[in-house]
Structure formats: C-alpha cells, structure tokens
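The shown structure was predicted, so the numbers you read here are calculated from the model rather than taken from an experiment. Just so it is clear: chains get the letters A, B, ... in the order the sequence lines come, proteins before strands, and each one is counted from 1.
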Number of protein chains: 2
Amino acid sequence: MTMLLEDDMAVTDVAEPFEMSLAAISKHLSILTRAGLISQEKRGRVKWCKLEPDAMRDASVWMQGFGQFEPVNLDAFERFLAAELADPSKTS
Amino acid sequence: MTMLLEDDMAVTDVAEPFEMSLAAISKHLSILTRAGLISQEKRGRVKWCKLEPDAMRDASVWMQGFGQFEPVNLDAFERFLAAELADPSKTS
DNA sequence: GAAATCGTCAACCGATTGGTTAAATATCCC
DNA sequence: GGGATATTTAACCAATCGGTTGACGATTTC
C-alpha cells in the first residue's frame with residue numbers, strides 16, 4: 001500500500017489518484033475524521049486533511065498485545081516507540 | 001474487551017457467552033480462519049479453535065509505522081517484540 | 001441401533017455499506 | 001456580479017453483511 005496522506009492535503013488532492021467521485025472521498029474522509037485517524041481544518045474554501053498517527057498507534061498497541069497469555073509490557077512498548085521516533089539510530 | 005479465545009476452544013465453547021445462534025458463530029469463526037487470525041482443527045466431532053497471534057501482530061507492525069514521515073525501523077520493532085515475548089524482564 | 005451432541009449448509013431477511021449522480025453552498029478571482 | 005473552484009448534501013441504488021431458522025451429516029454415548 002502506498003502513502004495515503006502526505007503532509008496536509010486538500011480533499012481534492014486526496015481524491016485525485018482514485019477513480020471515484022469526489023463525494024465518495026469526502027464521505028470517507030468524514031468517517032476517518034470521526035474515527036480520529038485524521039483531522040480536517042477548513043481554511044477558505046479548502047479543507048486541509050492531516051494524519052493523526054496517534055490513533056493508529058493506539059490501535060497498534062492494542063492489537064500487538066491481543067491474545068498474549070503473558071501480556072506484553074505496554075509501557076516498555078511505548079518507551080520503545082518514543083525512543084524510535086526521537087532517534088531511530090538508538091533502536092536499530 | 002475481554003479475551004475471545006483462551007487456549008483451545010470448541011466452536012460451542014466460543015459461542016456459549018453470546019446470545020447468538022451457533023450457526024452465526026460458526027460463520028464468524030470460518031471468516032477468522034480464512035483471515036488467518038485463528039486456526040481450526042477438527043478432532044472427532046469437535047472443531048478446536050486457537051488464536052494465531054502472529055497475524056494480529058503483523059497487522060500491528062504494519063499499523064504502527066503508518067503515516068510516519070521518517071518510518072520507524074520495523075526490524076527493530078520486531079526484535080523488541082521477540083525479546084519481550086521471550087523474556088519480559090529484559091524490556092521492562 | 002437409537003438418541004444426543006457438534007458443527008455446517010442452504011435459504012432467507014432486514015440493515016448497512018459503499019458507491020453514484022445532481023443540486024446546493026461557500027469561497028476565490030476577474 | 002459572475003464564473004470557476006472546493007466541498008458537502010440528498011436521494012437513490014445494488015451488493016454485502018450479519019443474523020435467523022430448519023434440515024442435515026458425522027460422531028459419540030448409552
């Protein structure tokens with residue numbers, strides 16, 4: 001899969017690579033916004049969309065511990081992520 | 001959310017806490033099996049289900065890197081998980 | 001061998017999803 | 001003001017989803 005939202009993008013920009021109506025894309029983006037996966041800010045007539053990586057990351061944290069009998073230490077996991085995001089060379 | 005599948009469970013066991021027909025649960029479990037999230041093995045007349053944590057973990061790995069401009073090092077992430085699962089005291 | 005248990009299959013159903021078009025609402029630009 | 005651009009809304013539609021019930025095959029138990 002390719003990147004969905006790079007930096008801030010207008011609804012029209014997001015829609016461009018898809019062979020789908022703008023209205024459909026607009027609906028999708030509303031749903032993603034309701035879900036907290038992106039945020040939208042209207043400036044003038046264009047509505048700028050940007051990723052909210054925290055939401056996806058939260059889901060990731062939830063999933064990665066799923067089904068573990070001895071649950072993975074989520075604090076340690078989050079520290080790993082924080083370290084990785086701050087300085088990728090540390091964890092590599 | 002509570003645990004869905006503890007150790008190995010028969011289809012009937014999985015269905016027990018839900019007020020839903022056995023047929024419906026059976027369908028759900030087939031779907032989960034097709035998706036690789038659980039596996040099913042039929043022994044006699046009972047079909048034993050068990051979680052396949054790797055599938056969920058793979059999804060988690062995919063998600064956790066989503067939307068990162070400077071992508072998180074997935075190898076490091078997987079090493080973290082391996083270490084955590086092998087010996088939780090190491091990462092805590 | 002008859003009855004009970006385990007699970008699936010087939011047919012069916014209403015609700016939801018995921019898209020379409022067309023019209024409407026703002027905003028920007030000349 | 002008027003035309004172009006950006007986005008949302010409303011009505012609509014076919015397809016899919018998520019459940020039901022009842023019949024069925026296979027297995028175990030008595």
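The distance between atom CZ of B/Phe18 and atom C1' of D/dT20, rounded to the nearest whole Å, is 17 Å. Between the CD atom of A/Glu16 and the P atom of D/dT5 there is a distance of 15 Å, rounded to whole Å. The distance from atom NZ of A/Lys47 to atom C1' of D/dT9 is 12 Å, rounded to the nearest whole Å. Nucleotide D/dA6 holds its C1' atom 10 Å from the CG atom of A/Asp13, rounded to whole Å. When the C1' atom of D/dA6 is taken as reference, atom CG of A/Asp8 falls 16 Å away, rounded to whole Å.
Residues passing the side chain to side chain donor-acceptor pair (under 3.5 Å) test with A/Asp54, sequence neighbours excluded: A/Arg57. Applying the salt bridge (charged side-chain N to carboxylate O under 4.0 Å, His left out) test to B/Asp58 and every residue at least two apart in sequence or in another chain returns nothing.
Note that NZ of B/Lys50 and CD1 of B/Ile38 are 10.5 Å apart. Values are rounded to the nearest 0.5 Å. Rounding to the nearest 0.5 Å places CE of A/Met63 at 10.0 Å from CH2 of B/Trp62. The CG atom of A/Asp13 sits 6.5 Å away from the CH2 atom of A/Trp48 when rounded to the nearest 0.5 Å.
Listed by first and then second residue, the salt bridge (Lys or Arg N to Asp or Glu O under 4.0 Å) pairs that reach into residues 37-49 of chain A are A/Glu41-A/Arg43, sequence neighbours excluded.
For the pair B/Asp8/B/Cys49, no side-chain contact is recorded, criterion being any heavy-atom separation below 4.5 Å from C-beta on.
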_Footprint string (nucleotides 18-30 of chain C, 5' to 3'): B base within contact, S backbone only, - free, heavy atoms under 4.0 Å_ = -BBB-----BS--
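Defining each end axis of the helix from C/dG1-D/dC30 to C/dC30-D/dG1 as the rotation carrying four pairs' C1' atoms onto the next four, with five pairs an end, the two axes are found to diverge by 20° to 10 degrees.
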Ignoring hydrogens and angles, write down the donor-acceptor pairs under 3.5 Å from the side chains of residues 20-33 of chain A, residues two or more places apart or on other chains.
{"residue": "A/Ser21", "atom": "OG", "partner": "A/Ala24", "partner atom": "N", "Å": "3.1"}
{"residue": "A/Ser30", "atom": "OG", "partner": "A/Ser26", "partner atom": "O", "Å": "3.0"}
{"residue": "A/Thr33", "atom": "OG1", "partner": "A/Leu29", "partner atom": "O", "Å": "2.8"}
{"residue": "A/Thr33", "atom": "OG1", "partner": "A/Gln40", "partner atom": "OE1", "Å": "3.0"}

